[in-house]
Structures are given as structure tokens and as C-alpha cells.
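Take a look at the structure below.
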Amino acid sequence: MSSKKLRASITGVHGYVPDYILSNSELETLVDTTDEWIMTRTGIKERRILKGDLQGTSVLGIKCVKGLLEKTNTDPKDIDLIICATVTPDMFFPSTSNLIADKVGASNSYGFDISAACSGFIYALSTGSQFIEAGTHKKVIVVGADKMSSIIDYEDRKNCVLFGDGGGAVLLEPSSDDTGIQDYLLKSDGSGSDMLCLKAGGSLRPASKDTIKNKEHYIYQEGSSVFKFAVTNMADISEEIMKKNNLKADDIAYLVPHQANKRIIDATANRMGVGPDKVLLNIERYGNTTAGTIPLCLWDFEKKFKKGDNLILAAFGGGFTWGSLYLKWSYNN
Ligand code: UT7
């Protein structure tokens with residue numbers, strides 16, 4: 001028997017964004033803003049919105065997972081576990097992962113959701129990898145998806161320009177070589193919870209006439225304070241994972257950053273010493289889809305990756321939560 005450590009490899013990725021495009025010019029008709037302000041401050045040109053009645057985050061997740069199963073030629077009954085990272089679950093319970101499993105025919109799978117806001121996908125990916133490394137699970141799907149439009153006030157210019165709907169999913173399987181997830185660092189600091197949160201609707205402040213009147217079911221963010229924490233922490237943790245794994249800038253093929261603000265991404269890339277050609281960006285087209293940004297980015301740029309490429313994933317978000325994950329890409333396209 002080999003004593004080699006089992007690693008979890010990403011063996012497929014699929015993403016989904018809804019068809020409806022909410023452009024900066026449409027936002028100019030809703031709130032007092034300009035395309036110029038949004039582009040210079042954030043780098044966002046447009047975002048996707050899931051329209052229609054009774055369309056929750058599971059709709060995004062189901063599209064991602066169905067596409068993933070088809071693409072990887074996987075029988076849904078072979079899936080052991082589905083983990084869904086989201087802060088916009090269809091309902092508090094049951095979990096969105098259960099709804100996804102049911103609709104994709106993953107009848108032998110169990111599942112649970114992970115709530116870590118914009119760091120949700122990295123938290124969920126590192127969690128999923130543990131089940132593979134333990135040798136107890138052979139096929140794990142990790143979904144990151146959010147219907148941010150369900151918690152956005154389209155009269156609030158500070159937030160409505162930032163967010164969009166979308167998601168992505170990856171299949172994790174035991175690696176047959178030394179590629180796959182190598183290392184990760186995860187952090188949280190609950191003292192930042194007041195700066196970025198959904199104030200009402202939970203057990204602390206259940207829904208009431210007042211919470212509705214005060215618009216407390218919409219995202220609340222102190223943008224410039226969060227910005228400062230995000231710049232420092234996302235850059236720090238990306239540098240830390242490089243040092244821990246003896247990686248120099250030249251060793252990195254791509255940085256896959258959470259897409260909240262192009263200026264935060266630039267600061268992270270600068271600290272890592274990687275040039276713009278190595279930084280994956282799709283914020284211009286999708287805005288901030290919270291747990292969806294990183295898997296959407298992997299999906300968008302999958303064709304670029306070669307087996308053995310070193311990728312650094314990095315995120316910062318509400319909680320506060322932040323993290324970085326180092327993986328070696330496992331397949332050629
Ligand atoms: O992904 C989860 C973590 N979240 C983040 O990483 C977001 C971090 N924060 C940010 O990315 C930035 O802080 C924002 C993009 C949210 C805002 O950019 P900023 O450069 O920090 O602007 P600000 O909030 O300091 O606002 C500057 C001005 C204000 O006007 P006054 O007070 O200077 O007169 C705002 O009222 O810009 C105004 N403003 C707008 N103007 C036009 C705010 N939103 C808008 C808008 N259009 N949409």
C-alpha cells in the first residue's frame with residue numbers, strides 16, 4: 001500500500017449566468033449614478049439578473065451541476081456529496097444543496113450549505129477536498145452560487161451597482177498524480193460583521209413591519225471601510241500562501257481572485273508580484289456574484305489552463321471572512 005497523500009483534483013468545471021443583462025446605462029435610469037463612476041470605482045460594466053417568479057439560487061446551482069455532470073460524463077447517482085456555498089439560499093432550510101441534489105438526480109448524495117459570503121467558494125472547496133483526502137468520498141461537487149438581486153435595493157446606488165447573479169460548480173475526485181489542491185489558508189473575524197451584513201430576517205431580528213419599512217432585508221455595506229480590510233487581507237493571505245509553499249511570482253500561472261472590485265484585485269496582484277497577464281478578470285461582465293465569482297472565473301478561463309499550472313484562488317468578504325487556496329490544475333483541454 002502506498003503512503004502517498006491522497007489529493008483532491010478538480011476534474012471538471014461548469015458555470016451559469018442568467019440571460020438578463022443589467023447594464024450600467026440601465027442603472028443610470030434607476031439611481032443617481034454614471035457608467036463612468038461605476039467603471040472607475042469598480043471595473044463593472046454589466047451584471048446578470050435572474051428574472052421570474054419562484055427562481056431561487058438553486059436554479060443557478062442546478063444549471064451549473066447539470067452542465068458539469070454532462071460535461072464530465074458523470075452519472076448523478078455516483079455523486080457522494082454536494083456542498084453549496086451561498087448567502088442567498090432558496091430558504092433557510094432545507095439547504096440549497098439538497099434542492100440541487102434532488103433536481104439533478106443525485107439520489108445517493110447528501111449535502112449541506114456553507115455560509116461564508118464572498119469567501120464561500122474557497123471555504124467549500126477546502127471542505128470538499130477533506131472528504132476526498134480522507135478516502136471516504138470519491139466524487140464531491142462544490143457549488144458557489146448567489147442570487148444577489150434577491151437582497152439588493154435597486155434604490156440604493158451604493159450597492160445596486162456592485163452585485164449580480166450567477167454561479168459555478170466543480171467536480172472533485174481523488175488525484176492520480178501530484179496535481180490537485182495543495183494547500184489553503186482560511187481566516188475569519190466576526191468583529192467586522194456590522195460593516196457588511198443582512199441586518200434582519202434571522203433569529204436576531206426576525207422579519208417584521210419595521211424591518212421591512214427600514215429596508216433591513218437588503219444588503220448593508222460600509223463600502224470604504226470594507227474596501228480597506230479587503231485590500232490588506234486579500235493581499236496578505238495571498239502572499240502568505242506563496243511563502244508557505246515556497247512559490248515565487250514566476251511559479252504562478254494564474255491568480256483567480258474574488259471579483260468585488262478591480263482595485264482590490266490589482267492590490268493583491270501587486271503584492272504577489274504577478275503581472276496583469278496572470279490575473280483572471282470577468283468582473284466587467286458579471287459584477288460581484290459573491291460565492292459565484294471564483295468558480296465562474298474558473299469556467300470562463302478553463303481553456304487557458306494546462307495540467308500542472310499553479311493557481312492561487314483568493315477571496316475576502318462579509319463576516320469578515322477571507323482565504324487563499326493553492327492548487328495545481330489537473331487536466332488539459
Ligand atoms: O465582496 C465583498 C466585499 N466587498 C467589497 O470588497 C467591496 C469593498 N468596497 C468597495 O469596493 C468600494 O468601497 C465601493 C466600490 C463600494 C465604493 O467605492 P469608494 O471609492 O469606496 O466610494 P465611497 O463609498 O467612498 O463613495 C464616494 C462617493 C460618495 O459621495 P460623497 O460622500 O463623496 O459625496 C458616494 O455617495 O461616491 C458616491 N457614490 C456614488 N456615486 C455615483 C456611491 N455610490 C455611487 C454610485 N454612483 N453608484
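Counting starts at 1 for both ligands and their atoms, following the listed order. Here the structure is a predicted model, which is why all the values come from computation and not from measurement.
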How about [X] and [Y]: do any of their side-chain heavy atoms sit closer than 4.5 Å?
X      : Y      : value
Leu27  : Leu22  : yes
Arg285 : Lys45  : no
Asn288 : Met148 : no
Tyr286 : Leu296 : yes

Q: Indicate whether any N or O donor in one side chain lies under 3.5 Å from an N or O acceptor in the other, for Thr86 and Asp146.
A: yes
Q. Without hydrogens or angle criteria, can the side chains of Thr211 and His217 be said to hold a donor-acceptor pair below 3.5 Å?
A. yes
What is the nearest protein non-hydrogen atom to [atom], stated with its residue, atom name and distance?
atom                    : result
atom 47 (N) of ligand 1 : Thr33 OG1, 2.7 Å
atom 4 (N) of ligand 1  : Gln221 OE1, 3.0 Å
atom 16 (C) of ligand 1 : Leu162 CD1, 3.8 Å

Q.
Against Asp177, only a single residue in Lys307, Lys328, Arg7 fulfils side-chain hydrogen bond (donor to acceptor under 3.5 Å, both in side chains); can you say which?
A. Lys307
Option of least heavy-atom distance to [atom] (set: [options]):
atom                    : options                        : result
atom 36 (O) of ligand 1 : Arg263, Met148, Arg157         : Arg157
atom 2 (C) of ligand 1  : Gly319, Cys118, Ala117, Ala315 : Cys118
atom 8 (C) of ligand 1  : Phe163, Phe229, Phe227         : Phe227

Checking the N or O distance criterion of under 3.5 Å, is ligand 1 in contact with [X]?
X      : result
His258 : yes
Thr42  : no
Gly223 : yes

Q: Take atom NZ of Lys304 as the centre, draw a 6.0 Å sphere, and report whether it contains more than 12 heavy atoms from other residues, nucleotides or ligands.
A: no
**Q.** Phe112 CZ: over 12 foreign heavy atoms closer than 6.0 Å
**A.** yes
Establish whether [atom] and some protein heavy atom are separated by less than 4.0 angstrom.
atom                    : result
atom 44 (N) of ligand 1 : yes
atom 29 (C) of ligand 1 : no
atom 21 (O) of ligand 1 : yes
atom 33 (O) of ligand 1 : no

Any atoms of ligand 1 less than 4.0 Å from a non-hydrogen atom of [X]? List them with their elements.
X      : result
Ala260 : 1 (O), 5 (C), 6 (O)
Val161 : 48 (N)
Leu196 : 2 (C), 3 (C)
Arg41  : 19 (P), 20 (O), 22 (O), 27 (C)
Val226 : 3 (C), 4 (N), 5 (C)
Ser224 : 13 (O), 21 (O), 25 (O)
Asn288 : 1 (O), 2 (C)
Asn261 : 10 (C), 11 (O), 12 (C), 15 (C)

Is the contact between [X] and ligand 1 made by the side chain, the backbone, both, or neither, using heavy atoms and a 4.0 Å cut-off?
X      : answer
Ile264 : side chain
Thr290 : neither
Trp37  : side chain

Q) Closer than 4.0 angstrom: is that true for some heavy atom of Ile38 and an atom of ligand 1? A) no
Q) Are Arg271 and Asp236 ion-paired here, with the side-chain N under 4.0 Å from a carboxylate O? A) yes
Throw together a table of side-chain donor-acceptor distances under 3.5 angstrom for residues 137-145, partners on residues two or more places apart or in other chains.
unit_1 : atom_1 : unit_2 : atom_2 : d
His137 : NE2    : Tyr110 : OH     : 2.9
Lys139 : NZ     : Glu173 : OE2    : 2.6

Q) Among Lys244, Lys243, Lys5, whose salt bridge (charged side-chain N to carboxylate O under 4.0 Å, His left out) with Asp183 holds? A) Lys244
Q: Mind running side chain to side chain donor-acceptor pair (under 3.5 Å) on Thr11 and Ser9 for me, showing each step along the way?
A: CA-CA 6 Å; Thr11 54; Ser9 277; over 6 Å; no
(Q) I'd like to know whether the aromatic ring centres of Phe305 and Tyr254 sit less than 6.0 Å apart in this structure. (A) yes
Q: Begin from the C-alpha positions of Leu69 and Ile79 and carry the test side-chain contact (heavy atoms from CB on, under 4.5 Å) through to its verdict.
A: CA-CA 9 Å; Leu69 292 168; Ile79 300 299; 3.9 Å; yes
